[in-house]
Number of protein chains: 2
Amino acid sequence: MADAKTSRLSSEQRRAQIVEAALAVFGAKGYVGARTDDIARAASVSQPYVVRLFETKENLFVAAIQEALDRITVGFAAAVADTTSDVPLEHRIGHAYIELVQVRGLHQTLSQAFLLGAHPVIGPCARNAFARVWSILRDAGFDAAAAKDFLAEGMLINTLIGLRLADDYGNDPRVDELFDTCFPAEKMTVLAFAPRADEPW
Amino acid sequence: MADAKTSRLSSEQRRAQIVEAALAVFGAKGYVGARTDDIARAASVSQPYVVRLFETKENLFVAAIQEALDRITVGFAAAVADTTSDVPLEHRIGHAYIELVQVRGLHQTLSQAFLLGAHPVIGPCARNAFARVWSILRDAGFDAAAAKDFLAEGMLINTLIGLRLADDYGNDPRVDELFDTCFPAEKMTVLAFAPRADEPW
DNA sequence: GTCTATAAGACGATAGAC
DNA sequence: GTCTATCGTCTTATAGAC
């Protein structure tokens, strides 16, 4: 998303830049709510050019889901491989998941995708992404019950991010207790990377 | 949603009918994706009349969230009060939550709302609904950790419903294991009430 | 209480130049 | 590789009749 302005980039570089912007915008406004023009602006290109590169908004959304899944795959693989500390596997992967808030819109775009199960193209793609994460966890050694608990906590994290619960932190005692219970260790990370309310679209 | 056709109802009855339709349609298509006309059709009234009764689509969505929260409140209260069996409280409330799939679109509309944290009107409303459920659980005797676990599982259930994972049940071994792990007891209920792919809008 | 007609403003996608 | 201009369609909301 770092502005590219007038420079001429390779198609691949532009695609990557636009997908990054798409994650942020789809995450913030949803599949239907996000305009291809919002994404174009965020990537500093024209709206027709976004359509030119991806043909349709639908393709672009699918590419965004794929990008999110790739990032998770890489992050989880690194967490599994990192045996330098004595932190248990569940915590390492959980930490990796929360750290992905640094990829703006990742959790929210996935949540959006998970609500599009009825969509003929996005639905199967979203189910596949979810099932893929299940496989990654199982292959990493989680038993079915542990994988379920991990996913449940992940969906709760996604929800609190989408709700922007961090916005109300400090204003509502119920919210404070909820937030502190859900992010006992990762609180500062989540607060720091909470989506800002002042996004330009 | 039972068709009303040409009959003249009281404003209150119509509102209730439209809110019921709104839950189903907002749940299926999201806040932006749902058209006021879809909701009008589902409630067998004209599109301008929906706007007449609720002023704006935004108001209607807020009314749908409120309806969902009311249903949850009533269902949970009944589960807490029902001490006729020796089923533990967590299971009774959990069962009540899953049974709410019978209110079409309830879980999905809430999920949609939970992604609208940035919306100036819906965001605070959604955060309040979530915090309200937290309070209900805490007041019912759950400690903070148990309330968190309950909500996490609830968000996982919402996700699997939104994904329409039941659509793929029997076709993908990963999905089967995931589904069976997440709904060991309530499987048949969830499968039976899974949103149909052939909704008329 | 409820409808028909329509205004007013999006928004995705296409055409075609540079 | 990238842009400007624009078409066609959809969609919320209003006006006003019955």
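Below, read A as the first sequence line, B as the second, and so on, with proteins coming before strands; counting in each chain starts at 1. Values below: all heavy atoms of this structure, side chains included; hydrogens, waters and symmetry mates excluded.
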Contact pattern, 5' to 3', of nucleotides 5-18 of chain C - B, S or - by protein heavy atom under 4.0 Å: B-----SBBB----
Atom-pair distance (CD on A:Gln17; C1' on D:dT2), nearest Å: 13 Å
CZ of B:Phe54 versus P of D:dA13: gap in Å, rounded? 13 Å
Can you check whether A:Ala40's main-chain N or O pairs, donor with acceptor, with A:Ser44's side chain at less than 3.5 Å? no
B:Asp82 and B:Arg92 ion-paired at < 4.0 Å: no
Keeping A:Thr109 on the side-chain end and A:Leu23 on the backbone end, is there a donor-acceptor pair under 3.5 Å? yes
Would you call A:Asp38-A:Arg35 a salt bridge at under 4.0 Å N-O? yes
Salt bridge or not for A:Arg104 and A:Glu20, using N-O below 4.0 Å? no
A:Glu12 CD - D:dT2 C1' separation (whole Å): 16 Å
Give the rounded distance in Å between these two atoms: CG of B:Leu60 and P of D:dA13. 10 Å
Test ring-ring contact (aromatic ring centres under 6.0 Å, His included) applied to A:Tyr169 - qualifying residues, sequence neighbours left out: A:Phe179
To the nearest angstrom, how far is A:Tyr49 atom OH from D:dA5 atom C1'? 19 Å
